[in-house]
Amino acid sequence: MSIVGMALSAVIAGGTGKAEEAGKDIPVSVSEESGVSEAWGDKALYQKGALLAEQKDGSLVVTNGLMRLEYDMAAGTYQVFSGEEEEPLLSEVYAKAVLEDGTEVASRDMSRSAQDAVTVTETEDGFGQGICVCIANLGENGKLTQYFYFYENLSYFLCEAVVGLDAEEVSTNYIAPIFASKGDYKTNVLSVEGEDVRFLFTPYDNDSYVRYSADPLMAATESYEVTAVYDNETRKGLVAGSVTHDTWKTGIKVRQGGLNATVEFSVYGGASSVQTRDSLPHGYVSGSEVSSPKVFLGYFEDYRDGLEAYGEANAVITPPLSWDKGIPIGWNSWSAVADKVSYEIYTDSSDFVKEYLQDESFSQDGMVYINFDSFWDNLTEQQLKDAAQYVKDNGQIPGIYMTPFTFWGDASSTGVVPGTGGAYCWQDILLRDGNGDVLPAVDGGLSLDPTHPGTVMYLEYQLNRFREWGFAYIKMDFMSHGAREGAFYDKDITTGTQAYNYGMQKINEILAEELENQEIFLSLSIAPMFPSQYAHSRRISCDVFGTIDNTEYMLNSLTYGWWMNGTIYTFTDPDHIVTYNSYNHTEAILYNEGLSRYISAAIAGTLLIDSDDFRIEEARSRAVEMLTNEEINEIAKRGVAFRPVEGNTKDEACDTFVSYEEEEDVLYLAVFNFSSEEEKEISVDLERIGLDPAGEYDMYDLWSKETIRITDGYEIHLDVAEPKLLRITRADS
């Protein structure tokens, strides 16, 4: 018998496909008068296994046995249920779009009156075998079509909405395939039961030290791309978010009313705010028809399974960039020396890593990266070439840094853009609004227009230089600058997400051969969560240095964003490790702070990149002592992000994380004390971490090498800022 009883999410394999491209259509007519055919009786329209679409009591009922939708054909609204439950999770749901002239188009205000208004289509794609149910809603001047995709054995369905006008092009910057509202301040449209119901705020990107937050439902307002609404005690909950990221920024909004009622819940394309780094409204999307993002909606016994399933669903549609060579391990210059980086510091750090670390388990199959961060241009071109070769001669891989879509100068700069042969100066390629004004700076940097030919020429020039100099790891920073809304050079591109996709596709095209052969590793730093298919890793939080509050900040992102690792990105990046001190901190950090930073990185997915200043003897000795723990390094090399035990910490980090190794039948437990002044006791609730509370277990400390026999309720004592990484096995195993 396995040590744990926890359910493990199954990875969904395969590609993608559109329902309308395969299978057979089964049309169902409805009348013009009522939206319900005279022949609308109780009968199955489609049934195969658990998949069922049927007419029942004036409604269209669609289910796969795990999720159920009941669409009121007269009202144009529907309810969503889990399995055979009678209480709906969502009610009064309809599709909605707002056109450029302000006209609102909503399915509940339209009729389902045309011939073949309902169509059921069989489909088989990367999600498995399923059906697509299409409902065409007709208005006075156009149509709003809803698509629902149900698959066998999945605890979720997908949906989207498409709006079109009869006689002209449609243009919209807001379209919601899910909009639940009765239009009053008392009708509750969202029903997730429990004693501690939470709404997860997920940031659009990881800039400005933003934090995830699991707020009490009645205090919730908005999330980006995905949310979970769950009871932390039972962990049961709803997960909703977009799984296509080619056009829209997705928002998830809730609005609270009286009597503890959530009176509005919507998942929509068209989000724009300071959280998305935008100063302009979301761009308009135009055409004979305009499609919403495709949205994931599911209910799970454990919301953590749901968020992982959401990540896997995204990976079905756009798989992450392939990397089979294990986690990157090495050294980065930023925390160590920041803008003081030099040829000597870089090469001396390479020597130190070679002599003391990389043969002592601090490497991945012998591979170690030595990475320049910003200010590598302190060196001459010849020094950069020599530095890269020096690292290679040490048996290591050199890395470098760039900000592809950001200009760190003045908006009026007439400086020539490198690589353009004098055709463009910087002010030519800056992103502007519809009036021609340069967008305001974010983080002190101006946005480049990813669609401008001068930007593309600059990217090609810079990436070709890196390739020529011999660098095989590229950290790309301030990526959100390339996803802002603006007026783009390419007039076929009208949204920030489209522009970001364009720019990232160009980067991948320039490096196509190296990426195909896995000869260059691409790591995003400050970046939108989506789209995610253009890089091997993305930093899970903003900048992280060495103090315990920095560790807590990064672990807040792991608490609510661990699911990105191995799904939408091959690795999540916990940022560089600091074991002794960072350039921006006046005194050495506590020993336990350095240990916490190391262990927090090891459980994060992960990139294991140190950034200490090895010119300092104490930094050298501490790095050797900490970074050569073979057992902890082996945990990191699994490339698996640990799960949080609790999800009710608001905007703080959980202090307890778990990971189950099925092959070894071992549970790993990581615990942290985020106080630099007080000691802490953490009680081990065996059932809560996935074990039999009646069992007896051996708990081995990977740092102290001590083994203790434990039962339920065992108290783990933590000193000031102390972490522990523990391996738990059955006492009789």
Side-chain angles (χ1 to χ4, degrees), residues 321-337 340-402 460-477 507-508 510-523 525 535-537 570-571 573 576-577 607-615 620 623-624 627-628 633 636-637:
L321 198 58
S322 296
W323 187 260
D324 303 321
K325 298 182 178 181
I327 70 167
I329 297 176
W331 180 86
N332 173 279
S333 65
W334 181 250
S335 176
V337 293
K340 303 301 189 295
V341 66
S342 66
Y343 177 87
E344 291 75 19
I345 290 172
Y346 181 77
T347 54
D348 287 351
S349 298
S350 170
D351 286 341
F352 176 79
V353 171
K354 178 184 179 182
E355 184 173 356
Y356 295 102
L357 299 179
Q358 70 190 60
D359 291 333
E360 301 296 331
S361 82
F362 193 71
S363 66
Q364 176 67 67
D365 299 325
M367 292 195 306
V368 172
Y369 292 87
I370 306 297
N371 295 342
F372 281 110
D373 207 282
S374 188
F375 292 97
W376 53 262
D377 53 357
N378 291 347
L379 284 68
T380 66
E381 182 171 337
Q382 187 59 51
Q383 284 179 314
L384 289 164
K385 292 179 181 178
D386 292 345
Q389 188 59 51
Y390 190 97
V391 164
K392 289 180 182 179
D393 291 343
N394 270 347
Q396 300 161 337
I397 302 170
I400 203 162
Y401 171 98
M402 71 182 298
E460 188 166 13
Y461 164 79
Q462 196 72 293
L463 293 171
N464 282 337
R465 286 208 301 171
F466 292 165
R467 187 160 43 192
E468 176 191 343
W469 296 342
F471 291 96
Y473 178 113
I474 306 174
K475 175 181 175 181
M476 296 184 172
D477 207 353
I507 288 172
N508 279 198
I510 294 165
L511 300 175
E513 183 176 347
E514 288 82 1
L515 295 178
E516 174 69 24
N517 297 325
Q518 298 189 17
E519 295 170 347
I520 283 183
F521 188 92
L522 295 185
S523 179
S525 191
H536 301 104
S537 73
T570 302
F571 305 114
D573 175 8
H576 42 36
I577 301 164
L607 275 61
L608 205 62
I609 306 291
D610 181 70
S611 187
D612 283 293
D613 186 349
F614 296 136
R615 295 174 300 176
R620 294 161 65 94
V624 170
L627 300 179
T628 58
N633 287 341
K637 291 174 192 179

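Here the structure is a predicted model, which is why all the values come from computation and not from measurement.
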For a 4.5 angstrom cut-off between non-hydrogen side-chain atoms, does [X] reach [Y]?
{"X": "Leu357", "Y": "Thr628", "answer": "yes"}
{"X": "Ile577", "Y": "Ile609", "answer": "no"}
{"X": "Lys325", "Y": "Gln364", "answer": "no"}
{"X": "Tyr343", "Y": "Tyr390", "answer": "yes"}
{"X": "Ile474", "Y": "Ser523", "answer": "no"}
{"X": "Asp477", "Y": "Met402", "answer": "no"}
{"X": "Tyr346", "Y": "Val391", "answer": "yes"}

Using every non-hydrogen atom in the two residues, find where [X] and [Y] come nearest and quote the distance to one decimal.
{"X": "Val341", "Y": "Ser374", "result": "CG1-O, 4.1 Å"}
{"X": "Arg620", "Y": "Tyr356", "result": "NH2-CE1, 3.8 Å"}
{"X": "Gly470", "Y": "Pro398", "result": "O-CG, 3.2 Å"}
{"X": "Phe362", "Y": "Val368", "result": "O-CG2, 3.5 Å"}

My understanding is that only residues two or more places apart in sequence, or in another chain, count here; which of them pass ring-ring contact (aromatic ring centres under 6.0 Å, His included) with Trp376?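 Per chain and number, Trp376 pairs via ring-ring contact (aromatic ring centres under 6.0 Å, His included) with Phe466, Trp469.
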Determine the interplanar angle of the Tyr473 and Phe521 rings, folded into 0 to 90°, and report it as parallel if under 30°, tilted if 30 to 60°, perpendicular if over 60°.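 Correct class here is parallel.
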Give every residue pair that meets the salt bridge (Lys or Arg N to Asp or Glu O under 4.0 Å) criterion with at least one member in residues 345-366, sequence neighbours excluded.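 Sorted result for residues 345-366: empty, none.
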Salt bridge (Lys or Arg N to Asp or Glu O under 4.0 Å) contacts in which one or both residues fall within residues 371-395, not counting sequence neighbours: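 Qualifying pairs, neighbours excluded: Asp373-Lys475, Glu381-Lys385, Lys385-Glu468.
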Would you check if the side chain of [X] reaches a backbone N or O of [Y] as a donor-acceptor pair within less than 3.5 Å?
{"X": "Asp610", "Y": "Asp612", "result": "yes"}
{"X": "Glu516", "Y": "Glu513", "result": "no"}
{"X": "Glu519", "Y": "Ala472", "result": "no"}
{"X": "Ser611", "Y": "His576", "result": "no"}
{"X": "Asn371", "Y": "Gly399", "result": "yes"}
{"X": "Asp613", "Y": "Arg615", "result": "yes"}

Between [atom1] of [X] and [atom2] of [Y], what distance do you get to the nearest 0.5 Å?
{"X": "Phe372", "Y": "Asn332", "atom1": "CZ", "atom2": "CG", "result": "10.5 Å"}
{"X": "Ile520", "Y": "Ile397", "atom1": "CD1", "atom2": "CD1", "result": "11.0 Å"}
{"X": "Leu321", "Y": "His536", "atom1": "CG", "atom2": "NE2", "result": "3.5 Å"}
{"X": "Ile507", "Y": "Glu460", "atom1": "CD1", "atom2": "CD", "result": "11.5 Å"}
{"X": "Ile329", "Y": "Asn633", "atom1": "CD1", "atom2": "CG", "result": "6.0 Å"}
{"X": "Ile370", "Y": "Phe352", "atom1": "CD1", "atom2": "CZ", "result": "10.5 Å"}

For Tyr401 and Phe375, what are the C-alpha separation, side-chain angles and deciding distance, and is it a side chain to side chain contact (heavy atoms under 4.5 Å, CB included)? CA-CA 9 Å; Tyr401 171 98; Phe375 292 97; over 6 Å; no
Go through it in stages, so that I can follow the logic: the residues are Ser350 and Asn394, the test is side-chain hydrogen bond (donor to acceptor under 3.5 Å, both in side chains), and I'd like the CA-CA distance, side-chain angles, deciding distance and then a yes or no. CA-CA 7 Å; Ser350 170; Asn394 270 347; 2.8 Å; yes
Residue list, salt bridge (charged side-chain N to carboxylate O under 4.0 Å, His left out) with Glu344, at least two apart or on another chain: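 For Glu344 there are no salt bridge (charged side-chain N to carboxylate O under 4.0 Å, His left out) partners, ignoring immediate neighbours.
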Of all residues at least two apart in sequence or in a different chain, which pass the salt bridge (charged side-chain N to carboxylate O under 4.0 Å, His left out) check with Arg465?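 Here no residue qualifies.
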Decide yes or no on side chain to side chain contact (heavy atoms under 4.5 Å, CB included) for Ser342 and Asn378, but give the supporting numbers first. CA-CA 7 Å; Ser342 66; Asn378 291 347; over 6 Å; no
Evaluate the side chain to side chain contact (heavy atoms under 4.5 Å, CB included) criterion for residues Met476 and Ser525: first the C-alpha distance (whole Å), next the side-chain angles of each, then the deciding distance (0.1 Å), finally the verdict. CA-CA 6 Å; Met476 296 184 172; Ser525 191; over 6 Å; no
Set of residues satisfying side-chain contact (heavy atoms from CB on, under 4.5 Å) with respect to Lys340, sequence neighbours excluded: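 For Lys340, the residues satisfying side-chain contact (heavy atoms from CB on, under 4.5 Å) (neighbours in sequence not counted) are Val337.
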Show the numbers, then the answer: is there a side chain to side chain contact (heavy atoms under 4.5 Å, CB included) between Leu511 and Leu463? CA-CA 8 Å; Leu511 300 175; Leu463 293 171; 4.2 Å; yes
